[in-house]
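Along the sequence shown, residues are numbered consecutively beginning with 1.
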Amino acid sequence: NYKIGLQNILTDNTNNPETGVLPLIPDYISWKTGLFSTFSKNIKNWFFNMGVRYDYENQTVLTIRNGVPPAIIRYENQFSNISGLFTIKSQIAASQTMGWSIGYAMRNPAINELYSNGLHQGVSGIEEGDINLKIEKALKNTLEYKWVPNSNFAFNALAYHQYFSDYIFLNPQEEIRLTIRGAFPVFKYEQTDAQIYGLDLSTQFTVSHSLLGVLKYSFLKGTDTSNDIPLVFMPPNSFYGSLTYRSTKTVKFTNNFKMEDSEIEVSNRFVFEQKNILEAQDFVAPPSSYYLSGLKLSTNFIFPKYKIRCFVKADNLFNVAYRDYLNRQRYFADDIGRSITVGINAKF
């Protein structure tokens, strides 16, 4: 199987001058063109997949220097990069597959990474870009194992390692800046060489005809190899489990109205404390580990000409007070408490 494609993306960002404030993201026009090709082939118990992509981006940017007097500064950037992927999978047994892939990718610095300059209202922090950022380059290896011995059990393991040259990240600074809107932490976009490696484990199993379980574990570690320190804002390790009871029983209310395929799902998530960080790298220490529970009830209501799926879902069922390491509002407040969602999905 062979595929070739062309992709074009035009972005026109124009700020509203009537706000009376300097925008966090400047006015810009971005034109992206990508040309890609993929090739895949099966040979007995082996599967091969290869792909290559070329991207070109032109950015025309108009920034306003915050000074006395203010000045308009224009920039025009041109980026070219190439990415590639090679994957090989093998059916090592009747119920087992093993796959390895290696990919090389280049990523242009985004507009916010280059030109952010001001208060990011959504996260209550001041962000500053760097116009000298270079293209980020990454080499990633993954090794995946799947085992499906029968329809009642499945296991998946995925190990990965990714090396970055000129990795772009948002780095907390040793500064709390006072403005007319208040005092805010300062973050700057910076670059370094880095590596990230991890392991994802997951399994699905059927306890009985109507009881389905899911277990997932995620481990990840990031290192700034240039300075031999941890990377900031890496997801902490986590464990997730759920148990779902499914009833195929049909309940008839009338000849034209019935209920079927009801489900009760109980879920639990445990997030570990992020230990892989130095105290001086952030404004406050990472939050403690936390444990969240959830509950979801759903069913189908069947009418002669259409079907309605209804559900009610409760997240953080026991209203636990916690703070998520990746949520930058954690500097100021706890995360969301008990949340209840009601939904209706109609098909006709």
Side-chain angles (χ1 to χ4, degrees), residues 79 81-87 99-110 112-114 116 120 123 125 127-130 132-145 156-175 185-202 216-240 269-290 322-331:
F79 298 104
N81 54 51
I82 191 167
S83 303
L85 174 71
F86 175 76
T87 300
W100 169 73
S101 68
I102 181 171
Y104 177 77
M106 303 171 68
R107 185 180 74 86
N108 303 333
N112 64 307
E113 295 168 339
L114 291 166
S116 287
H120 189 163
V123 293
E127 297 181 6
E128 296 180 350
D130 184 352
N132 297 311
L133 293 178
K134 298 178 288 185
I135 292 176
E136 180 183 278
K137 298 170 282 292
L139 179 68
K140 184 175 185 179
N141 281 276
T142 63
L143 184 65
E144 185 176 25
Y145 169 77
N156 180 268
L158 176 68
Y160 55 90
H161 177 273
Q162 192 163 9
Y163 173 77
F164 293 88
S165 175
D166 297 319
Y167 172 75
I168 301 173
F169 67 109
L170 194 60
N171 197 21
Q173 306 298 298
E174 296 181 359
E175 179 183 1
V186 179
F187 303 82
K188 289 186 177 180
Y189 286 99
E190 299 179 2
Q191 283 188 300
T192 189
D193 292 340
Q195 68 172 356
I196 296 174
Y197 61 88
L199 176 68
D200 291 332
L201 302 175
S202 64
K216 297 180 181 180
Y217 173 73
S218 178
F219 168 84
L220 182 146
K221 187 174 183 180
T223 304
D224 178 342
T225 56
S226 296
N227 302 293
D228 195 25
I229 58 176
L231 280 178
V232 297
F233 301 135
M234 289 289 103
N237 304 332
S238 63
F239 179 83
Y240 172 84
R269 181 183 300 276
F270 181 80
V271 179
F272 295 85
E273 181 180 346
Q274 178 56 273
K275 299 283 189 179
N276 186 41
I277 189 171
L278 304 179
E279 183 178 351
Q281 286 184 271
D282 207 344
F283 298 102
V284 296
S288 302
S289 59
Y290 58 89
Y322 74 99
R323 301 195 180 194
D324 190 318
Y325 174 67
L326 294 185
N327 185 347
R328 283 166 56 188
Q329 293 288 358
R330 70 179 173 87
Y331 297 124

Undergrad: If we only count heavy atoms from C-beta on, is the His120 to Asn112 side-chain gap below 4.5 Å?
TA: no

Undergrad: Could you walk me through whether Ile277 and Met234 pass side-chain contact (heavy atoms from CB on, under 4.5 Å), step by step?
TA: CA-CA 9 Å; Ile277 189 171; Met234 289 289 103; over 6 Å; no

Undergrad: For Asn81, what residues pass the side chain to side chain donor-acceptor pair (under 3.5 Å) criterion, not counting sequence neighbours?
TA: Asn108

Undergrad: Can you tell me how far apart CD (Glu175) and CD (Glu128) are? Round to the nearest 0.5 Å.
TA: 7.0 Å

Undergrad: Would a distance-only check, ignoring hydrogens and angles, find a side-chain to backbone donor-acceptor pair under 3.5 Å from Arg323 to Arg330?
TA: yes

Undergrad: Using modelled atom types only, decide if a donor and an acceptor are shared between the side chain of Ser238 and the backbone of Ser218 within a distance under 3.5 Å.
TA: no

Undergrad: Return yes if some donor-acceptor pair links the side-chain N/O of Tyr325 with the main-chain N/O of Pro235 below 3.5 Å, else return no.
TA: no

Undergrad: Measuring from Asp282:CG to Asn171:CG, what's the distance to the nearest 0.5 Å?
TA: 9.0 Å

Undergrad: Say you draw a straight line from CG of Leu199 to OH of Tyr217; how long is it, rounded to the nearest 0.5 Å?
TA: 7.5 Å

Undergrad: Any idea which heavy atoms bring Pro286 and Gln274 closest together, and the distance?
TA: CG-O, 3.4 Å

Undergrad: Carefully, step by step, assess Leu201 and Phe219 under the rule side-chain contact (heavy atoms from CB on, under 4.5 Å).
TA: CA-CA 9 Å; Leu201 302 175; Phe219 168 84; over 6 Å; no

Undergrad: Side chains of Asp193 and Tyr163: closer than 4.5 Å at any heavy-atom pair?
TA: yes

Undergrad: CG/Asn237 to CG/Leu220 distance, rounded to the nearest 0.5 angstrom?
TA: 7.5 Å

Undergrad: Quick one: CE on Met106 to CD on Glu136, what's the gap to the nearest 0.5 Å?
TA: 10.5 Å

Undergrad: Atom CG in Leu231, atom CG in Asn276: separation rounded to 0.5 Å?
TA: 8.0 Å

Undergrad: Compare every heavy atom of Gln195 with every heavy atom of Thr225, then report the nearest pair and how far apart it is.
TA: CG2-CG, 3.9 Å

Undergrad: Identify the heavy atoms of Lys216 and Ser202 that sit nearest to each other, and give their distance.
TA: CG-CB, 3.9 Å

Undergrad: Please determine if Asp166 and Lys137 form a salt bridge, counting it only when a charged side-chain N lies under 4.0 Å from a carboxylate O.
TA: yes

Undergrad: What residues, two or more places apart in sequence or in another chain, satisfy ring-ring contact (aromatic ring centres under 6.0 Å, His included) together with Phe283?
TA: Phe187, Tyr331

Undergrad: Among side-chain atoms of Tyr160 and Asp200, is any donor-acceptor pair under 3.5 angstrom?
TA: no

Undergrad: So which heavy atom on Phe233 is nearest to which on Pro172, and how close?
TA: CZ-CG, 3.9 Å

Undergrad: Report yes or no: do Gln191 and Glu113 form a side-chain donor-acceptor pair below 3.5 Å?
TA: no

Undergrad: Identify the heavy atoms of Leu278 and Pro230 that sit nearest to each other, and give their distance.
TA: CG-CD, 3.9 Å

Undergrad: Name the orientation class of the two ring planes belonging to Tyr167 and Phe169 (parallel below 30°, tilted from 30 to 60°, perpendicular beyond 60°).
TA: parallel

Undergrad: Within a radius of less than 6.0 Å around CG of Asp228, do more than 12 heavy atoms belonging to other residues, nucleotides or ligands occur?
TA: no

Undergrad: Closest approach of Pro236 and Phe272, non-hydrogen atoms and distance?
TA: CB-O, 3.3 Å

Undergrad: Is there a donor-acceptor contact under 3.5 Å linking the side chains of Thr142 and Ser101?
TA: yes

